Amino acid sequence: MRTAVLREPGRLDIEDRPRPDPAPDEVLVAVGEVGICGSDLHYYEHGRIGDYVVENPLVLGHESAGEVVAVGERVTDLEPGDRVALEPGVPCRRCAHCKRGEYNLCPDVTFMATPPDDGAFAEYVAWPADFAYRLPDSVSTREGALCEPLSVGIHVARRAEVGVGDSVLITGAGPIGLLAMEAVRSAGATDIFVSDVVDAKLRRAEERGADATIDPTEEDLGAAVADATGGEGVDVAIEASGAKSAIAGSLDAVRRGGTVVFVGLGDEAEVPLDVLDIVDNELDVRGSFRYRNTYPAAIELLADGAVDAAGIVDFEADLEDTDDAFQRAMDPETVKGMVRIGK
Ligand SMILES: NC(=O)c1ccc[n+]([C@@H]2O[C@H](COP(=O)([O-])OP(=O)(O)OC[C@H]3O[C@@H](n4cnc5c(N)ncnc54)[C@H](O)[C@@H]3O)[C@@H](O)[C@H]2O)c1
Ligand SMILES: C[C@@H](O)[C@H](N)C(=O)O
């Protein structure tokens, strides 16, 4: 089968590899579409993310969906012909976190395209059947692949406990910020503000229904949000850029008693926080890491037409052109590129 393999930073080669066989609990999936994520781009550019270093050739891609072509002998609920979205992180199922149900925190997770585990820029992937979710006819294979970043958005909306009528600020209008916007809207948020430093991203957020957009290089984020909320601040701020200034700005923009959730992963891990401000204003400050139990909700939301995930896509490319597609995806105005492999 053909695969796109990262052998050294800045170079993806198309290579033949043996087609995997499904284990007894696995399905063999003919991959249809795969999204290019910021973390794929980071491995492509730098060959590492923090302690995860690409030491051996690595197949990138973890936002994937496709068609089941074979099932292992113990798989009873999927069959060849089913289209499925693949949840890329498979936890150990045994540790304390897994037992508590917070399997996204499992330290022994196998996560596609995270060294040393290969991802989905390949014609076939063998994957545990319970992490493959059947797609109804009303959900396209592309939308199935986008269940992954949508899941990040759903988890952050859940972590923020967004409620009906809430006002929400989202800093960063990349795929995560834009899909968090879809998730918080479907959770009942009515006033959604989005900030970004790239004009095209702000326009994109407006087209997709943001009530107001803010460029923090042109106006003070906290002041702009205060103006728009009668001086009070938003109920919830979701930080989805990783930028140091947005981290501080999201704390300024939230109302007393409000909630700030950090989902962005910046290059700088240490950022000064005014703890007295957090205490005095009784803020809930939380992190949000990947997701758990979100795929069924993502698929339901897509099937109901409650969220638009495919609308974030700027372009698609064939597997052979994955390297070019990565170059295009690095343009700051691009939100999402997809690689089409099969049906
Ligand atoms: N916690 C998790 O589980 C998780 C999962 C996926 C991605 N992430 C992280 O979430 C962040 C968003 O992911 P993405 O794929 O959308 O990334 P992205 O790089 O495509 O989007 C980030 C956006 O933030 C904007 N930005 C930069 N500086 C800003 C500022 N000061 N204020 C407002 N916006 C600013 C950029 O212009 C860009 O549009 C990244 O840091 C990523 O690493 C975290
Ligand atoms: C969750 C996923 O989208 C993210 N890029 C990660 O590797 O953690």
Side-chain angles (χ1 to χ4, degrees), residues 34-43 45-46 48-50 52 58 60-64 86-89 104-106 109-115 117 119-120 145-156 158-159 169-182 193-205 210 213-222 224-225 237-250 252-253 261-269 271 286-292 294-295 298 312 314 329-337:
V34 187
I36 302 171
C37 170
S39 57
D40 294 319
L41 293 175
H42 210 280
Y43 282 122
E45 262 196 285
H46 307 289
R48 66 184 302 153
I49 296 181
Y52 292 99
L58 183 73
L60 294 172
H62 60 269
E63 302 176 353
S64 70
L86 298 182
E87 181 172 350
N104 57 320
L105 303 181
C106 171
V109 67
T110 296
F111 203 95
M112 282 187 191
T114 303
D117 301 313
L146 293 170
C147 282
E148 203 280 340
L150 178 57
S151 282
V152 177
I154 292 171
H155 188 60
V156 79
R158 287 179 176 167
R159 292 283 294 151
L169 166 70
I170 297 170
T171 51
I176 299 305
L178 292 177
L179 292 176
M181 180 164 99
E182 299 289 320
F193 307 100
V194 177
S195 74
D196 204 291
V197 293
V198 176
D199 266 353
K201 297 285 184 63
L202 293 174
R203 285 199 300 275
R204 197 70 169 266
T213 55
I214 302 158
D215 181 343
T217 63
E218 289 185 357
E219 54 187 330
D220 179 75
L221 182 66
V225 170
I238 291 175
E239 202 310 286
S241 73
K244 204 169 170 175
S245 58
I247 293 170
S250 57
D252 286 345
V261 181
F262 295 126
V263 64
L265 297 161
D267 292 331
E268 293 176 273
V271 175
R286 298 181 174 188
S288 184
F289 184 64
R290 293 177 175 163
Y291 38 77
R292 52 180 178 254
T294 47
Y295 269 65
I312 70 166
D314 299 285
M330 284 196 289
D331 182 329
E333 296 199 351
T334 299
V335 175
K336 178 64 69 184

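All ligand and atom numbering here is 1-based and tracks the order in the structure. Everything numeric here is computed off the predicted structure, so don't read it as measured data. One is the number of the first residue; the rest follow in order along the sequence.
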Pairs under 3.5 Å, N/O atoms on ligand 1 and on the protein: can you put them in a table with the distances?
| from | atom 1 | to | atom 2 | distance (Å) |
| --- | --- | --- | --- | --- |
| ligand 1 | 1 (N) | Val263 | O | 2.9 |
| ligand 1 | 1 (N) | Ser288 | O | 2.8 |
| ligand 1 | 3 (O) | Arg290 | N | 2.6 |
| ligand 1 | 16 (O) | Pro175 | N | 3.2 |
| ligand 1 | 16 (O) | Ile176 | N | 3.0 |
| ligand 1 | 31 (N) | Ser245 | OG | 3.2 |
| ligand 1 | 37 (O) | Asp196 | OD1 | 2.6 |
| ligand 1 | 39 (O) | Asp196 | OD1 | 3.4 |
| ligand 1 | 39 (O) | Asp196 | OD2 | 2.7 |
| ligand 1 | 39 (O) | Lys201 | NZ | 2.9 |
| ligand 1 | 41 (O) | Leu265 | N | 2.9 |
| ligand 1 | 41 (O) | Leu265 | O | 3.2 |

For a distance cut-off of 3.5 Å, show me each N or O of ligand 2 paired with any protein N or O, plus the separation.
| from | atom 1 | to | atom 2 | distance (Å) |
| --- | --- | --- | --- | --- |
| ligand 2 | 3 (O) | His62 | NE2 | 3.2 |
| ligand 2 | 3 (O) | Glu148 | OE1 | 3.2 |
| ligand 2 | 3 (O) | Glu148 | OE2 | 3.0 |
| ligand 2 | 5 (N) | Ser39 | OG | 3.0 |
| ligand 2 | 8 (O) | Arg290 | NE | 2.7 |
| ligand 2 | 8 (O) | Arg290 | NH2 | 3.2 |

For this session: Go through the steps to decide whether Tyr291 and Asn104 satisfy the test side-chain contact (heavy atoms from CB on, under 4.5 Å), and finish with yes or no.
Result: CA-CA 6 Å; Tyr291 38 77; Asn104 57 320; 5.8 Å; no
Euclidean distance, [Y] [atom2] relative to [X] [atom1], rounded to 0.5 Å:
X      : Y      : atom1 : atom2 : value
Ile312 : Thr334 : CD1   : OG1   : 11.5 Å
Cys37  : Glu148 : SG    : CD    : 6.5 Å
Ile170 : Asp196 : CD1   : CG    : 11.5 Å
Ser241 : Ile176 : OG    : CD1   : 12.0 Å

Exercise. Which residues satisfy the ring-ring contact (aromatic ring centres under 6.0 Å, His included) test with His155, sequence neighbours excluded?
Worked result: none
Problem set entry | Side-chain heavy-atom pair Ser151, Glu87 within 4.5 angstrom cut-off |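 Ser151 does not reach Glu87 side chain to side chain.
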Exercise. So, do Leu179 and Val152 sit near enough that their side-chain heavy atoms are less than 4.5 Å apart?
Worked result: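 No. Closest side-chain heavy atoms not under 4.5 Å.
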For this session: Identify, with sequence neighbours excluded, every residue that meets salt bridge (charged side-chain N to carboxylate O under 4.0 Å, His left out) alongside Arg48.
Result: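 Checked Arg48 against salt bridge (charged side-chain N to carboxylate O under 4.0 Å, His left out); zero matches.
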